[in-house]
Amino acid sequence: MSLSRKGLSRLVAGAIVLATLGIAGARAQAQVVDTFEGSGGTAPDLAGWTIDPAVGGVGWKVDGLDGPVGPGPGGAAFAGAGSLNYNDDTDYDNGLLNSGSATSPVMYVTGSPITVTFQCNYETEGPDGTWEFRFMEIVDPGTGLVVAGGSFQVFDTSGTAALNCAASGTWHSHTIDVTAVVGALPTIQVRLRFDSGDDFFNAFDGWFVDNLSVAGVSLSPPSLPLPYSESFDSGGLPAGWAFAATSGTVIWDVDALPTPVGAGPDGAAFSAPSSLNYNDDTDFDDGATNSGTATSPPLDTSGPGTAIVVSFRCNYETEDTGTIFDVREVQVLNGATLAVIATETLGESGDSNPPGTTCSAMGTYHLHTLTFAIGAVPSVRIRFSFDTGDAIANTFDGWFVDDLQVCEDTVAPTTPVNLVPLDGAIVVSPPGVFLDWTDSTDTNPCGAASVANYVVEVDDDPAFGSIDFTASPTVSNATTGVLPAMTYYWRVRAVDASGNVSLDSTATSFTTEAPLSPGFPDSLFVNESTDGAQSGDSGFVDPVVDTRPAFSAIYRDGNTADTAISLRFQVSQDPTFLTLDFDSGTVAIAPPLPKDSRCSDLTVNVVLRRDTVYYWRIQFTDASALTGPFSLSQAFRIGDDFDFGVRRGSSHHGRRCYVATAAFEGPAPAIDTLSNVRGQRLERNGAGQIFSRWYHTGGSTLSKCVSGLGSAGRATARGGLLALAGAVGSQGSMVLLMLAITALSVFGMRRMK
């Protein structure tokens with residue numbers, strides 16, 4: 001017979017219990033004990049026993065009736081309130097030849113020797129077993145038949161001491177070694193059978209059995225070693241598995257139906273030829289709410305680990321993704337009691353599922369790897385549970401499970417390595433100190449694993465006797481709280497989902513110092529945006545051509561080691577900065593800028609005016625949120641752009657020559673005059689226009705502008721410029737004379753420096 005889940009739970013909770021016998025010099029043996037303390041005489045009170053139907057009111061039951069037994073001093077129970085006995089509460093006389101048997105639950109053979117022990121009392125017609133017969137038998141659950149040599153007649157005339165009874169009415173013990181007859185059977189049942197032999201002289205109390213025990217067996221299947229794998233490819237119910245369902249048609253099965261699964265690309269099996277699946281070979285619609293479970297045999301978890309990893313392939317087609325209707329669950333049960341230790345519900349992406357529980361799209365096989373904390377239980381079972389939740393919309397293919405693996409994870413992650421701060425570094429606190437370390441990796445017998453979290457510790461004691469800071473981040477970095485100024489030591493270890501812990505990293509030290517505000521930024525540079533400000537002009541020498549120039553400066557700080565996290569810079573025509581042309585506000589710096597480093601190029605988002613003197617300044621805020629003073633200002637001029645120009649030390653940019661105005665401390669009348677001359681005189685004079693175009697085309701220096709004209713061309717241009725100089729009349733200012741003289745000098749082949 002098979003043992004139902006309900007029957008097994010009653011065995012544990014009711015009359016049958018499990019014990020462990022310490023046998024000197026031999027392996028400890030599990031022992032099944034039944035004290036028969038139920039009442040009422042019905043099969044459920046026998047907690048998993050199978051009882052033949054009573055004949056005319058005579059049969060096996062559990063009670064304490066009909067005692068004292070016969071003439072002896074013993075009653076109907078050896079201990080407690082009841083026993084297992086054969087009668088009708090008075091005798092076994094119903095006017096007929098009658099007989100009956102009581103068969104125990106299935107018991108799994110765990111070792112040797114296998115012995116059956118029970119307390120016995122009786123009152124029957126004769127003392128020698130001639131008329132009434134009492135048997136203890138060993139049954140093969142696979143066939144339901146008594147094994148060869150497995151029928152032992154109690155109180156026979158064989159003279160075997162183990163079978164001979166004491167006087168009628170007296171409780172006594174029988175211990176029968178059945179090791180030889182059990183042989184290699186993996187499971188057995190014990191059957192007690194009474195036969196009246198005839199219909200005469202049956203007005204006696206009957207047979208009474210109490211405190212039956214069987215050594216060398218267990219009510220639970222023997223735990224299978226880990227790692228355990230099941231491919232569901234051998235056909236039919238795998239060894240040790242149990243299926244249960246609330247529907248007669250929709251159940252768990254091992255096959256390859258239906259296929260394909262839903263609209264997906266994959267079939268019922270991940271690896272041929274079959275899988276474990278819940279449906280009726282078509283769908284899971286039987287017109288009602290239905291559910292079912294598939295439970296593995298017990299798996300040995302008596303090793304050092306306290307967690308297991310369950311890995312399997314999954315496919316499905318259901319009403320929804322599996323968290324509201326048509327729920328798919330993976331459970332871990334206590335291998336002996338079937339109590340649920342842990343449960344995970346599978347759902348589709350977007351369901352905010354715990355790690356490992358997210359399914360791929362319906363119809364597509366995918367891998368789940370789940371970690372379950374189990375504590376110190378000696379064995380577990382894995383259960384797959386499906387529940388439709390209601391009777392609506394169940395015409396879907398169901399749930400498919402393949403290639404199950406279960407392992408006990410005892411492998412610790414790799415040891416992390418401290419990275420930041422460097423050993424012996426000086427850091428500023430507040431704010432907290434940023435700690436960074438290498439990522440750890442993890443494996444287990446089921447394949448790849450992952451680190452669940454780290455444990456980082458900081459202490460001013462190198463022996464870590466009084467932890468000043470600790471955290472358990474899931475990423476490989478953390479930031480401490482404020483640490484007073486002193487030397488600290490820090491270490492970190494990795495923890496995986498199974499609770500395995502790596503070795504601590506090699507401890508390194510750092511010293512904190514109190515924060516100081518940033519100092520005055522210095523080495524201010526301004527330059528064309530295309531040239532960049534990193535090597536820009538450090539003084540008021542060259543004009544700035546761009547109306548949106550680039551700025552940079554060096555961050556200074558009084559701390560030994562600090563970083564700037566933001567800055568602010570301002571641009572104004574007012575050297576006192578009472579009015580501003582541009583204010584950047586707070587600009588974040590990422591990554592933080594180390595002290596004594598130049599900041600990246602900064603630009604304004606307004607257009608500055610040409611031929612105008614501006615001032616700019618900058619300040620930094622450090623990692624402690626302390627803001628330093630503004631720098632001294634730097635003056636610069638947005639130059640006025642001429643097709644050619646002259647100044648003290650000519651400055652040329654690109655392919656044009658720009659009038660450099662660094663020598664002026666503000667907009668000068670001479671510059672205005674020069675602008676007017678260019679627009680009103682030079683550009684209106686044929687020779688001036690030709691010269692201007694030639695210069696624009698020729699390059700960035702005056703000598704290049706005219707070098708290709710030849711002697712005749714230069715003479716013509718020189719004559720034109722002289723005529724132009726004479727034509728300006730009263731406007732022939734010093735600036736124009738400088739322009740004419742310089743141009744004539746160039747045409748005389750003198751290079752300007």
Side-chain angles (χ1 to χ4, degrees), residues 517-557 564-589 593 595-622 626-642 645 647-654 658-675:
S517 298
F520 286 94
D522 58 38
S523 302
L524 277 64
F525 283 173
V526 61
N527 205 358
E528 323 305 332
S529 60
T530 55
D531 294 335
Q534 298 301 302
S535 58
D537 197 337
S538 60
F540 199 63
V541 176
D542 292 334
V544 179
V545 176
D546 292 347
T547 55
R548 292 183 178 179
F551 306 91
S552 71
I554 294 180
Y555 155 62
R556 306 295 186 184
D557 199 289
I565 60 172
S566 66
L567 58 82
R568 179 184 181 185
F569 74 100
Q570 298 172 333
V571 178
S572 176
Q573 298 177 54
D574 176 7
T576 65
F577 291 88
L578 293 178
T579 60
L580 298 176
D581 289 84
F582 175 76
D583 189 334
S584 69
T586 300
V587 178
I589 303 175
L593 180 69
K595 65 171 289 187
D596 302 328
S597 298
R598 182 171 292 277
C599 68
S600 300
D601 282 358
L602 309 168
T603 57
V604 297
N605 60 7
V606 298
V607 176
L608 301 181
R609 295 175 53 195
R610 291 195 180 281
D611 190 25
T612 304
V613 172
Y614 288 95
Y615 305 86
W616 83 280
R617 64 182 183 177
I618 187 172
Q619 66 180 174
F620 290 95
T621 299
D622 65 17
L626 299 176
T627 301
F630 275 107
S631 65
L632 298 176
S633 63
Q634 179 189 19
F636 65 95
R637 179 185 295 280
I638 304 297
D640 191 7
D641 163 19
F642 287 95
R647 74 174 177 90
R648 187 187 319 159
S650 189
S651 177
H652 305 278
H653 299 271
Y658 297 94
V659 173
T661 58
F664 300 95
E665 301 205 357
I671 297 300
D672 293 335
T673 300
L674 188 58
S675 298

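Numbers for residues simply follow the sequence, beginning at 1.
Residues passing the ring-ring contact (aromatic ring centres under 6.0 Å, His included) test with Y555 are F620, sequence neighbours excluded. Applying the side chain to side chain donor-acceptor pair (under 3.5 Å) criterion to R609, with sequence neighbours excluded, gives no partner residue. Contacts of S597 classified as side chain to side chain contact (heavy atoms under 4.5 Å, CB included), with partners at least two apart in sequence or in another chain: L593, P594. With sequence neighbours left out, Q570 forms a side chain to side chain donor-acceptor pair (under 3.5 Å) with D583, R617. With sequence neighbours excluded, the residues that form a side chain to side chain contact (heavy atoms under 4.5 Å, CB included) with R598 are S523, F525, Q534, S552, I554. In this view, N605 satisfies the side chain to side chain donor-acceptor pair (under 3.5 Å) rule with no residue, not counting sequence neighbours. Residues passing the side chain to side chain contact (heavy atoms under 4.5 Å, CB included) test with T579 are S572, D574, sequence neighbours excluded. Evaluation of the ring-ring contact (aromatic ring centres under 6.0 Å, His included) rule for F630 yields no partner, not counting sequence neighbours. For the side chain to side chain donor-acceptor pair (under 3.5 Å) test, residues two or more places apart in sequence or in another chain that qualify with T621 are T627. With sequence neighbours left out, S600 forms a side chain to side chain contact (heavy atoms under 4.5 Å, CB included) with no residue at all.
Residues L608 and P549 share a closest heavy-atom pair of CD1-CD, 3.8 Å.
Rounded to the nearest 0.5 angstrom, S631 OG and F569 CZ are separated by 11.5 Å.
The aromatic rings of F551 and W616 are tilted relative to each other, their planes meeting at an angle between 30° and 60°.
Without hydrogens or angle criteria, D581 side chain to Q573 main chain gives a donor-acceptor distance under 3.5 Å. Within the 3.5 Å criterion, the main-chain N or O of S529 finds a donor-acceptor partner in the side chain of D546.
A heavy-atom distance below 4.5 Å is found between the side chains of L602 and L567.
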